[in-house]
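Read the structure below first, then the notes.
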Amino acid sequence: MGRGKIVIQKIDSSASRQVTFSKRRNGLLKKAKELSILCDAEVGVVVFSCTGKLHEFASSSMRSTFDRYAKSKQDHHGEKNPVEELQLRQREVADLKQQLLDMQDNRRHLMGEDLSSLSFKNLQNLEKQLERSLKAIRMRKASNASGFGEVTSREVPYTFADLGDLHLHHHLHSSHSRSEVNEAAQIAMELRYDQDNNTL
């Protein structure tokens, strides 16, 4: 007849609890020693009884085992999960690609291309930006001629949403020369670059 199944819970009787602790402690330490010998493993076991008495086993020395354990934990926390690292890099690449596409779209709009995809409000914003860019050109020309220095980005308010399309404005206001339109495009790009640097 086999032994009955033991319920795993705290033993109420202190005497029985002490007997069980002594037997199972000895069995645990014996198994730890066998594991270290059979498998050439470094094993360290630390047990405190309910009275606070220390029982331990170490296949080499407990201090060296603890030092190795601490170093292993530190190295593990310092490592990044390769899957998470790859996902992070993929998100960064996707963000950069989207930024590049946005800049390419904006460049085409500035050069008067793909205007059919823009709403009437966006076209108005482009026209307003062109006015500001042309104004900046004339102010810069006047300041250079007078020796007063350059116009800074603070003198001409500028936002990314208001990037102007210079060729659109050229068709609406034919009095502006082609060179003024191209120069306005350059001013718009420079103002955008200056504002991005100032916000860093």
Side-chain angles (χ1 to χ4, degrees), residues 8 28 31-32 35-36 38-48 56-137 140 150-169 181-200:
I8 303 301
L28 175 63
K31 290 295 184 183
L35 177 63
S36 66
L38 293 173
C39 302
D40 193 24
E42 183 174 357
V43 180
V45 178
V46 176
V47 180
F48 287 95
E56 62 180 352
F57 167 80
S59 57
S60 55
S61 75
M62 190 61 72
R63 178 176 293 277
S64 65
T65 302
F66 277 150
D67 290 342
R68 185 176 181 182
Y69 169 78
K71 186 179 184 303
S72 176
K73 292 289 288 184
Q74 184 178 5
D75 293 343
H76 176 72
H77 287 305
E79 294 177 354
K80 292 185 178 180
N81 187 314
V83 176
E84 294 179 355
E85 183 73 12
L86 177 60
Q87 292 175 345
L88 176 62
R89 294 291 175 256
Q90 289 176 338
R91 287 194 296 269
E92 291 177 349
V93 170
D95 291 341
L96 290 174
K97 285 183 177 179
Q98 186 59 50
Q99 292 179 24
L100 178 60
L101 291 175
D102 292 340
M103 293 177 67
Q104 290 174 341
D105 288 342
N106 177 66
R107 176 69 177 176
R108 285 195 294 270
H109 294 157
L110 284 172
M111 300 307 297
E113 302 172 2
D114 296 335
L115 297 179
S116 59
S117 63
L118 299 179
S119 65
F120 180 74
K121 183 177 180 180
N122 288 336
L123 291 173
Q124 286 181 319
N125 290 334
L126 292 174
E127 186 175 3
K128 290 177 182 178
Q129 176 56 34
L130 177 58
E131 289 286 359
R132 288 195 290 269
S133 299
L134 292 173
K135 181 180 178 181
I137 292 172
R140 178 174 292 184
E150 292 187 345
V151 178
T152 65
S153 59
R154 293 186 180 88
E155 294 173 292
V156 184
Y158 176 76
T159 62
F160 183 71
D162 290 337
L163 279 171
D165 184 85
L166 308 176
H167 290 264
L168 170 66
H169 195 279
V181 171
N182 290 333
E183 192 168 358
Q186 182 63 32
I187 291 293
M189 298 300 290
E190 289 178 2
L191 292 178
R192 171 61 179 169
Y193 178 79
D194 291 342
Q195 186 182 51
D196 288 342
N197 285 340
N198 289 334
T199 58
L200 291 178

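For this chain, numbers begin at 1 and follow the sequence in order.
The two residues E42 and S59 make their nearest non-hydrogen contact at CA-OG, 3.3 Å. The heavy-atom pair separating V45 from M62 by the smallest distance is O-CE, 3.6 Å. Residues L123 and L115 approach most closely at CD2-O, 4.3 Å, considering heavy atoms.
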L96 and V93: CA distance, side-chain angles, deciding distance, side-chain contact (heavy atoms from CB on, under 4.5 Å) verdict: CA-CA 5 Å; L96 290 174; V93 170; 5.6 Å; no
Working for side-chain contact (heavy atoms from CB on, under 4.5 Å), residues E131 and K135: CA-CA 6 Å; E131 289 286 359; K135 181 180 178 181; over 6 Å; no
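With rounding to the nearest 0.5 Å, the separation of CG in L101 from NZ in K97 is 9.0 Å.
A salt bridge links E92 with R89; the closest basic N to acidic carboxylate O contact falls under 4.0 Å.
Using modelled atom types, one finds no donor on one side chain facing an acceptor on the other under 3.5 Å when comparing Q99 with D95.
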